[in-house]
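Below: the structure, in structure tokens.
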Amino acid sequence: MTTTAVPQTVTAPGNPENPAELINWLIPDWEWKPESVALVANLPPFASKMRECARVLGTPYSELAHEVQDALVLRRLQQMVHTVQLNPLWRSRLHGAGITGAPQSFEEWQAIPLADKDVQRDFFMGGREGMVVPLDHGGFEIVASGGTSSGCPLETVYSLRELWDTYQVAGQFMGTYQLTPRLTGAGPKWLYTTLADYQMWSSGTMVGGVLQNVPGVNYVGAGPVTAPVLEHMFSYPGPKALMGITAGVAILSDLGAGMNQAARESFRLALYGSGVLPQRKRADLRAVYPNVEVLSYFAATQAETIGLQLDPAAAELSAVPGLHLVEIVDEQGRWVAEGAEGELVVTRLHAHEAPLLRLKLGDRMIRRPRRDGPGLKAQQFEFAGRTGDVLHLNDSQYLAPRALTALGEDLRAAGAVDLDAVAHEIQFVNHREAKILTLLVSVDDPQAVTYHMDTALGPYGLRRVFLNALPQALSLFNEGEANPESIEKTGYDFRLQFVFKGASEIERTDVGKVPLVRDRGQ
């Protein structure tokens, strides 16, 4: 590939306080609409625009006014649309949707078609025809997902220069808003991960890159640990934080049971990966590690840091400003209203050479008001479950997280069982041909919990609980299509089975995750 001379921009903005003037200066027209693939390979990284914007305004980028952040992100999205149209495959995709130019607003941006895992596979595996700058240019990294849900491996391509930029942006954010307030006191600060970082199929490939770039801490990529290894790591002097998959964080209470008091007190922050950590597990962690706070680190192989929980008392996740455009959309790809639930869509803003517009990651989120006021300015959302967490009862579809919440509330109100207090793991198993829906719950003493529940509910009480709870689990688009009487007519049998912790009845993935729903037939 031949090189192209890169124009130099030296004129400062006449009025830095005017967002439009500042943003157009930061991304000048020749960069905004590159004329060739060769120019794309030489475009300044988006991270440099964020840094310069922060420098000119004298404020950290994450704390800039939403008006400024929005203007820079929209200019970047316009640049991406211009860039992808240098690629025949992308050009055909956008033109097929009636898009020939850059969106002039976020409203117009929402007309760009959503990309799913099939689009990702077609564009970035095999011949990798979706890359704007060809692979033979060099300087790329291949990151892969093992396909936890589908079983089909999925690869994505990243420019190394921009990948390391994103690690630094996300690492700086974590250090400022998550670790610094908690890793206090004398001594060195430590950040561990139990993610496996030794294979291309691991989320540790990208998350590990972020953790290595958190300033002011010492990083240890431990991988899966045993009790003696964890005790050795926690014997280091100084406060500690640890990030792992949800199941890996959940077992820390067991691994630390015999640890000395000083080591246990030095554990200040536990970050669990995508999903939900049961209340029982949180209580177990705090019982063993008295100073620990538990927060969510929501990520995917395709996006190293999607949202970070900043307050253990609030479920909202904050997007790292300037890292991705995070959208919560309806079935037509339009943004849902604040407080409404939709599908998570992510566009990586740092991707000149291999962009991927509006990728669905398979998660459902609730859109929350963005964080404003003094300090951090960020988009916020709340995890609501996987897109595949759906219970099919004949022709109706019920959202499993909502069903679980409703069941838990009714069981607790009846004095039968508090699932939050007793459950280690929970899984719905839907035998569709046999018409049996079972909620499996692992607990310490299945016999005692079962006896207490049966005594409180009586012979038909559990069925009434299911019949009353399931209508509350219909999606926004299906509310009103079912009630207890109509569910009764489906012919389904409903069961709640308590099993011992670690029981084989609960299905786990190869990496130890417990899917909320398992479907056993059409």
Side-chain angles (χ1 to χ4, degrees), residues 276 278 330-332 336-337 339-343 364-366 382-423 425-443 446 449-499 505-507 514-522:
V276 176
D330 61 20
E331 294 177 326
Q332 286 72 48
V336 302
E341 182 179 316
E343 185 158 10
R364 296 191 65 78
M365 296 284 177
I366 301 168
E382 182 179 340
F383 181 70
R386 293 287 295 171
T387 303
D389 288 345
V390 175
L391 301 170
H392 297 264
L393 273 62
N394 293 355
D395 294 329
S396 294
Q397 300 180 16
Y398 304 84
L399 300 177
R402 289 189 185 180
L404 180 59
T405 298
L407 286 168
E409 291 174 352
D410 288 353
L411 289 168
R412 186 166 48 248
V417 62
D418 186 341
L419 294 179
D420 285 343
V422 304
E425 297 168 324
I426 292 179
Q427 186 172 80
F428 284 102
V429 180
N430 187 6
H431 293 270
R432 293 169 69 176
E433 292 183 356
K435 293 192 174 183
I436 300 172
L437 178 63
T438 302
L439 179 62
L440 291 170
V441 182
S442 68
V443 298
V449 178
T450 301
Y451 177 79
H452 183 82
M453 182 186 72
D454 290 347
T455 301
L457 295 179
Y460 305 107
L462 181 62
R463 184 170 184 84
R464 286 195 299 270
V465 169
F466 270 91
L467 293 177
N468 288 328
L470 284 172
Q472 302 175 54
L474 288 165
S475 73
L476 175 66
F477 307 105
N478 303 103
E479 287 180 357
E481 77 175 33
N483 53 41
E485 291 73 24
S486 64
I487 295 174
E488 183 77 75
K489 294 177 182 178
T490 63
Y492 256 82
D493 185 20
F494 302 103
R495 302 173 183 176
L496 201 167
Q497 181 181 350
F498 296 103
V499 297
E505 287 91 340
I506 293 182
E507 183 176 327
V514 176
L516 182 58
V517 177
R518 293 287 84 179
D519 232 338
R520 299 301 189 205
Q522 303 299 319

To check you understand the geometry: which heavy-atom pair defines the closest contact between [X] and [Y], and what is its length?
{"X": "A414", "Y": "A456", "result": "O-CB, 4.0 Å"}
{"X": "P401", "Y": "D389", "result": "CD-O, 3.7 Å"}
{"X": "A403", "Y": "A469", "result": "O-CB, 4.5 Å"}
{"X": "G342", "Y": "V336", "result": "CA-CG1, 4.2 Å"}

Can you tell me how far the [atom1] atom of [X] sits from the [atom2] atom of [Y], to the nearest 0.5 Å?
{"X": "D410", "Y": "R464", "atom1": "CG", "atom2": "CZ", "answer": "11.5 Å"}
{"X": "D418", "Y": "E409", "atom1": "CG", "atom2": "CD", "answer": "11.0 Å"}
{"X": "L440", "Y": "E425", "atom1": "CG", "atom2": "CD", "answer": "10.5 Å"}
{"X": "Y492", "Y": "R463", "atom1": "OH", "atom2": "CZ", "answer": "12.0 Å"}

Does Q427 reach the main-chain N or O of E507 with its side chain, forming a donor-acceptor pair under 3.5 Å?
yes

Say whether, by atom type as modelled, one donor and one acceptor occur between the side chain of N430 and the main chain of H392 under 3.5 angstrom.
yes

Before giving the answer on side-chain contact (heavy atoms from CB on, under 4.5 Å), spell out for L399 and V390 the whole-Å C-alpha distance, their side-chain angles and the decisive distance to 0.1 Å.
CA-CA 5 Å; L399 300 177; V390 175; 4.2 Å; yes

Between Q497 and V429, does a side-chain contact (heavy atoms from CB on, under 4.5 Å) hold up when you go through it step by step?
CA-CA 11 Å; Q497 181 181 350; V429 180; over 6 Å; no

Run through L437, L407, L411, V449 and flag the one making a side chain to side chain contact (heavy atoms under 4.5 Å, CB included) with L496.
L411

Flag the pair [X] / [Y] as yes when at least one side-chain heavy-atom distance between them is below 4.5 Å, and no otherwise.
{"X": "R412", "Y": "D420", "value": "yes"}
{"X": "F494", "Y": "I487", "value": "yes"}
{"X": "I426", "Y": "L439", "value": "yes"}
{"X": "L404", "Y": "F428", "value": "yes"}
{"X": "I436", "Y": "R495", "value": "yes"}

Residues forming a side chain to side chain donor-acceptor pair (under 3.5 Å) with E505, sequence neighbours excluded:
none

Passes side-chain contact (heavy atoms from CB on, under 4.5 Å), L467 versus E488? Steps please.
CA-CA 7 Å; L467 293 177; E488 183 77 75; 3.3 Å; yes

